[in-house]
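Given the structure is predicted, the values throughout are model-derived calculations rather than measurements. Excluded from the calculations below are hydrogen atoms, water molecules and symmetry mates; all remaining heavy atoms, backbone and side chain alike, are included.
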Amino acid sequence: MTAPTTGPPPASDPPTLLVLDADPLPRLGRLTGRARVEHADEATLAERLPHADVLLVWDFTSHAVRHAWPGEGPRPRWVHTASAGVDHLMCPELTASDTVVTNARGVFDQPIAEYVAALVLAMAKDLPRTLELQRSREWRHREGQRVAGTRACVVGSGPIGRTIVRTLKALDITTALVGRTPRTGIHGPDDLDRLIARADWVIAAAPLTEQTYGMFDTRRFGVMQPSARFINVGRGQLVVEDALAEALTKRWIAGAALDVFEHEPLTADSPLWGLPGLIVSPHMSGDTIGWRDELGTQFVELYERWEAGRPLLNVVDKQRGYVPGR
């Protein structure tokens with residue numbers, strides 16, 4: 001999605017770009033002399049926001065923007081987050097403002113789709129158990145599952161969800177895609193229960209909104225087949241974790257894989273670590289070698305558009321909480 005933006009204010013000095021820091025810092029060398037780059041952490045963000053023209057939320061795990069935005073003084077006219085999700089920064093004051101919000105749409109699509117395909121194959125072929133048996137030097141023949149001809153339901157019709165569908169189709173998996181509204185090739189929410197009741201793989205890749213919060217609960221896990229596996233690469237809060245724990249413990253479903261969690265990082269004493277049939281990964285499905293450089297390059301290219309007064313890409317609908325698409 002694109003949207004008009006007025007670009008930087010007319011002034012002799014370059015615009016002030018405020019970065020909410022995380023290590024390693026973004027490479028912004030191309031903006032030398034074209035932006036006055038300042039840095040903030042969670043403690044100093046509120047103080048420095050009124051003086052910034054642009055805010056780069058490089059620390060996309062932080063909720064500091066949500067807490068710092070309300071207050072006195074002007075605020076940046078453009079906020080970019082180096083993440084696909086924007087729920088960590090949205091607050092009523094930012095939503096109601098004329099500030100443009102953009103995200104990192106497009107960077108994570110293919111890596112996450114590849115990760116989902118890897119999880120599907122790993123669970124179908126029982127690779128976690130194979131590695132456990134290898135560590136114990138135990139030879140135990142088993143039979144794996146053929147993935148060709150199985151059914152998947154992907155929840156979330158944005159670029160990540162659509163790329164997951166394309167990747168799974170390459171494995172000859174019959175795939176249905178569910179989005180916020182029904183349209184050609186995409187089912188609406190009213191079809192979700194029917195589709196997950198038939199699916200061998202249920203994959204959550206939706207943004208976190210009021211409508212999707214806690215959508216995978218006891219009832220939804222109860223609808224799934226006993227042979228189904230559940231994968232979440234969307235947002236942790238899409239899942240009621242206690243309900244998933246019950247579903248796995250009582251064998252309502254055959255297995256699950258979580259890459260995102262309600263609270264991150266997952267603590268060492270979390271019961272999720274020991275659940276039967278659950279694969280836990282530390283929010284890494286979209287992170288491939290060089291991903292931070294790609295995020296930095298994407299922002300610099302967006303800044304150059306903003307600097308030239310051209311429409312920005314990846315503009316978030318602040319009411320919906322994501323970038324609208326087809």
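Residues Thr163 and Gln110 bring no donor and acceptor atom of their side chains to less than 3.5 Å of each other. Side chains of Ser157 and Arg183: a donor on one and an acceptor on the other come within 3.5 Å. A side-chain donor from one of His88 and Thr81 sits under 3.5 Å from a side-chain acceptor of the other. Side-chain N/O atoms of Arg229 and Gln145 include a donor and acceptor closer than 3.5 Å. For Thr61 and Asp59, the side-chain atoms include at least one donor-acceptor pair closer than 3.5 Å. With hydrogens and angles left out, the side-chain atoms of Thr150 and Asp200 include no donor and acceptor closer than 3.5 Å. In the model, Thr99 has no side-chain atom that pairs as donor or acceptor with a side-chain atom of Trp78 under 3.5 Å. Side chains of Thr130 and Arg142: a donor on one and an acceptor on the other come within 3.5 Å. Of the N and O atoms on the side chains of Asp21 and His39, at least one donor lies less than 3.5 Å from an acceptor on the other residue. Side chains of Thr174 and Arg151: no donor on one and acceptor on the other come within 3.5 Å.
Heavy atoms only, all atoms of each residue included: Leu248 and Gly277 are closest at CD2-O, 4.5 Å. Phe261 and Ser281 make their closest contact through CE1-O, 3.3 Å (heavy atoms, listed as atom of the first residue, atom of the second, distance). Listed here is the closest heavy atom pair of Val147 and Ala124: CG1-CB, 3.4 Å.
Residues His80 and Leu302 are in side-chain contact: their nearest non-hydrogen atoms beyond the backbone lie under 4.5 Å apart. Taking 4.5 Å as the limit, some side-chain heavy atom of Leu295 sits within range of a side-chain heavy atom of Trp58. Between Val315 and Val100 the shortest side-chain heavy-atom distance falls below 4.5 Å. At a threshold of 4.5 Å between non-hydrogen side-chain atoms, the residues Leu31 and Tyr303 count as touching. At a threshold of 4.5 Å between non-hydrogen side-chain atoms, the residues Glu262 and Val239 do not count as touching. Side-chain contact between Arg66 and Met90 is absent, with no heavy-atom pair separated by less than 4.5 Å. Residues Ile279 and Leu258 form no side-chain contact, since every pair of their non-hydrogen atoms from C-beta on lies 4.5 Å or further apart. When side chains are defined from C-beta on, Ser285 does not count as touching Pro111, because their heavy atoms never get closer than 4.5 Å.
The closest donor-acceptor contact from the side chain of Asp53 to the backbone of Pro15 lies at 3.5 Å or more, if one exists at all. A donor-acceptor contact shorter than 3.5 Å is absent between the side chain of Asp242 and the backbone of Ala245. Although no hydrogens or angles enter the test, the distance criterion places a donor-acceptor pair under 3.5 Å between the side chain of Thr32 and the main chain of Gly29. With hydrogens and angles ignored, the 3.5 Å screen pairs no side-chain donor or acceptor of Trp252 with any backbone N or O of Thr218.
Using cut-offs of 30° and 60° for the angle between ring planes, the Phe221 and Phe216 rings count as tilted. Under the 30°/60° scheme for interplanar angles, the aromatic rings of Phe60 and Trp291 are found to stand perpendicular.
The neighbour count for Arg129 CZ, taken as heavy atoms of other residues, nucleotides or ligands under 6.0 Å away, is above 12. Within a 6.0 Å sphere centred on CG of Leu131, other residues, nucleotides and ligands contribute more than 12 heavy atoms. Crowding of Glu143 atom CD: a count of heavy atoms from other residues, nucleotides or ligands under 6.0 Å not exceeding 12. Annotation: Arg146, atom CZ; neighbour count of heavy atoms from other residues, nucleotides and ligands within 6.0 Å does not exceed 12.
Between Arg30 and Glu304 there is a salt bridge, with a side-chain nitrogen of the basic residue lying less than 4.0 Å from a carboxylate oxygen of the acidic one. Between Arg48 and Glu38 no salt bridge is recorded (no basic side-chain N to carboxylate O distance below 4.0 Å). Salt bridge annotation for Arg194-Asp191: present, with a cationic side-chain nitrogen under 4.0 angstrom from a carboxylate oxygen. Under the 4.0 Å criterion applied to side-chain N and carboxylate O atoms, Asp193 and Arg220 are assigned as salt-bridge partners.
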